[in-house]
Amino acid sequence: MQGKFAVIGGDRRLGALAQALREDGFAVSTCAVEGVDGEDLEAALRGAAVAALPLPSFDAAGKLITQSGAHVRAADIAALLKPEMRVFGGKLGAEAAILAASGAAVIDYLDLEQLTAANAVPTAEGALQIAMERLPITI
């Protein structure tokens, strides 16, 4: 695959994604990723073929989830997208339509069967752990 990846927002998991992509030989730019020196949003998205956002991507106020305190909204991102781009994010909600208005292909991680199937076991384990900690009875 050719083209640049833009990793935008998120915590150290997105930083690990950026590092893994670089190690695989891809060009990668970052913006507002925890623990990673990055660029501003416009520079990060310039020339990118794919943009990866965190999971979840936006908070209840519609602001991109970042650890840096950056105030990035879906409209800020959409204004910089090109129709040939692909944008991946999680739990996009209403922000998916804002991003898609740019003409870019918008894919929610949670709509990918491979991801949801692989995530089912750890989700169930987490639910059981919480139940065991909080219930006054043995499961």
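For the single chain, residues carry numbers from 1 onward in sequence order.
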Spacing of [X] atom [atom1] and [Y] atom [atom2] [to the nearest 0.5 Å]:
{"X": "T30", "Y": "L21", "atom1": "OG1", "atom2": "CG", "result": "11.5 Å"}
{"X": "F58", "Y": "I65", "atom1": "CZ", "atom2": "CD1", "result": "9.0 Å"}
{"X": "E39", "Y": "R46", "atom1": "CD", "atom2": "CZ", "result": "8.0 Å"}
{"X": "D59", "Y": "E95", "atom1": "CG", "atom2": "CD", "result": "8.5 Å"}
{"X": "L41", "Y": "L64", "atom1": "CG", "atom2": "CG", "result": "8.5 Å"}
{"X": "K91", "Y": "D108", "atom1": "NZ", "atom2": "CG", "result": "9.5 Å"}

Is atom CZ of R22 surrounded by more than 12 heavy atoms (other residues, nucleotides or ligands) closer than 6.0 Å?
yes
A quick test of your reading: do over 12 heavy atoms of other residues, nucleotides or ligands sit less than 6.0 Å from NZ of K63?
yes
Is there a side-chain contact between [X] and [Y], using heavy atoms and a 4.5 Å cut-off?
{"X": "I107", "Y": "V87", "value": "no"}
{"X": "L55", "Y": "R13", "value": "no"}
{"X": "I77", "Y": "L53", "value": "yes"}
{"X": "V50", "Y": "F88", "value": "yes"}
{"X": "V33", "Y": "I8", "value": "no"}

Indicate yes or no for a side-chain donor-acceptor contact from [X] to the backbone of [Y] under 3.5 Å, with no hydrogens or angles considered.
{"X": "D76", "Y": "R73", "answer": "yes"}
{"X": "K82", "Y": "G47", "answer": "no"}
{"X": "S29", "Y": "A44", "answer": "yes"}
{"X": "D11", "Y": "E34", "answer": "no"}

Of all the heavy-atom pairs spanning S102 and L99, show the shortest one and how long it is.
OG-O, 2.6 Å
Which heavy atom in L14 sits nearest to a heavy atom in P54, and how many Å separate them?
CD2-CA, 3.9 Å
Is L135 reachable from M132 through a run of hydrophobic residues whose side-chain heavy atoms are each under 4.5 Å from the next?
yes
Between V72 and V106, is there shared hydrophobic-cluster membership here, with clusters defined by ILVMFWY side-chain heavy atoms closer than 4.5 Å?
yes
Taking it one step at a time, do E133 and Q129 satisfy side chain to side chain donor-acceptor pair (under 3.5 Å)?
CA-CA 6 Å; E133 290 172 356; Q129 179 68 32; 2.7 Å; yes
